[in-house]
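Let me begin by presenting the structure, written as structure tokens, before commenting on it.
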Amino acid sequence: MKSDVIEVSNQQAQTDIALRQVEKVVAYKELSKKSALHLRLLAEEMMGMVRSITGETRGTFWIEDEDGVYQLHLVVNTPMTSGKREKLLSAASSGKNESAKGLMGRLRDLFDRNADADIAAYTNPLFTHEMMESTSSLSMDWEWSMLRYEDALAQRVKKQEKDAMEAWDELEKSVVAHVADDVKVSIKGPRVEMTIFKKMAD
């Protein structure tokens with residue numbers, strides 16, 4: 001099953017439209033209240049992230065399911081150039097993106113990066129040394145996985161690394177990390193796709 005593909009934008013209130021897609025899927029698949037709540041929470045978190053992307057951004061959102069595993073998809077073509085990003089961020093008093101905190105804030109930053117940036121050189125706390133080694137390409141094509149990130153972070157927490165312990169605490173507080181089975185973000189040039197996976201017991 002695949003829901004309607006809808007256009008989303010950070011310039012308008014799109015959450016209601018996305019939630020209507022959730023309601024349609026819930027009704028069609030006859031999901032339980034608990035499963036419906038999980039899908040709704042994940043869609044709300046995803047749309048909250050869209051709203052906080054810098055500059056005018058448009059993308060598409062849809063839901064798929066296969067063998068009881070539901071996937072929430074968000075695809076955005078990043079129109080950001082390094083010059084445009086610097087101009088937007090210079091308007092902030094600190095000169096940096098203030099809301100890149102928490103798991104969804106960090107993931108949002110992947111959508112907010114320079115479209116012309118080399119992903120291998122990108123300075124986001126989600127890019128751990130261990131994860132960079134596990135990728136097949138260190139250029140513009142890249143995929144991040146929450147499960148892989150969690151595994152890499154757990155190894156660093158065992159070594160009592162302060163920044164890893166702070167990142168673990170951030171992960172523990174994330175609604176998405178608690179509800180989703182996995183989150184993947186794939187980057188191919190200016191195209192960024194986030195997929196949230198959730199297996200339902202229904």
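Heavy atoms only: backbone and side chains are in, while hydrogens, waters and symmetry mates are out. Keep in mind that this is a model prediction, so the values were computed, not measured.
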Full working for side-chain contact (heavy atoms from CB on, under 4.5 Å) between Arg20 and Ile6: CA-CA 11 Å; Arg20 280 200 290 275; Ile6 60 169; over 6 Å; no
For Glu64, which residues count as a side-chain hydrogen bond (donor to acceptor under 3.5 Å, both in side chains) partner, sequence neighbours excluded? Trp62
Any chance you could measure Ile17, atom CD1, to Met47, atom CE, to the nearest 0.5 Å? 9.5 Å
To check you understand the geometry: which heavy-atom pair defines the closest contact between Leu171 and Leu153, and what is its length? CD2-CD2, 4.3 Å
If you group Ile, Leu, Val, Met, Phe, Trp and Tyr by side-chain heavy-atom gaps below 4.5 Å, do Tyr70 and Val75 land in one group? no
Extract all donor-acceptor atom pairs below 3.5 Å that involve side chains of residues 36-45 and protein atoms in other chains or at least two apart in sequence.
unit_1 : atom_1 : unit_2 : atom_2 : d
Arg40  : NE     : Glu44  : OE2    : 3.3

Show the nearest heavy-atom pair for residues Ala180 and Ile196, with the distance to one decimal. CB-CG2, 3.6 Å
When Asp65 is tested against each of Met200, Gln71, Met1 for side-chain contact (heavy atoms from CB on, under 4.5 Å), which residue passes? Met1
Which heavy atom of Gly59 sits nearest to which heavy atom of Val76, and what is that distance? CA-CG2, 4.1 Å
Taking Tyr28 as the starting point, is it possible to reach Val26 by hopping between hydrophobic residues whose side chains are less than 4.5 Å apart? yes
Value rounded to 0.5 Å, distance of CE in Met46 from OG1 in Thr195: 6.5 Å
For residues 173-183, the side-chain hydrogen bond (donor to acceptor under 3.5 Å, both in side chains) pairs (sequence neighbours left out) are Ser145-Asp182, Asp169-Lys173
Which atom pair, heavy atoms only, marks the closest approach of Met146 to Ala177? SD-CA, 3.8 Å
Nearest-0.5 Å distance that lies between atom CE in Met194 and atom CZ in Phe61: 11.5 Å
Should Val8 and Val5 be regarded as members of a common hydrophobic cluster, given that ILVMFWY residues are connected when their side-chain heavy atoms come within less than 4.5 Å of each other, either directly or indirectly? no
What residues form a salt bridge (Lys or Arg N to Asp or Glu O under 4.0 Å) with Asp4, not counting sequence neighbours? Lys24
Could you tell me which residues satisfy salt bridge (Lys or Arg N to Asp or Glu O under 4.0 Å) with Asp163, sequence neighbours excluded, listed by chain and number? Arg156
How many angstroms lie between atom OG1 of Thr60 and atom NE2 of His73, to the nearest 0.5 angstrom? 10.0 Å
Value for CG (Leu107) from OH (Tyr149), rounded to nearest 0.5 Å, stands at 9.0 Å
To the nearest 0.5 Å, atom NZ of Lys2 lies from atom CD of Glu66 at 12.5 Å
Apply salt bridge (Lys or Arg N to Asp or Glu O under 4.0 Å) to Lys162 and list each qualifying residue two or more places apart in sequence or on a separate chain. Glu166
Should Phe197 and Met104 be regarded as members of a common hydrophobic cluster, given that ILVMFWY residues are connected when their side-chain heavy atoms come within less than 4.5 Å of each other, either directly or indirectly? no
Give the minimum heavy-atom separation between Arg58 and Ser9, together with the two atoms involved. NH1-CB, 3.7 Å
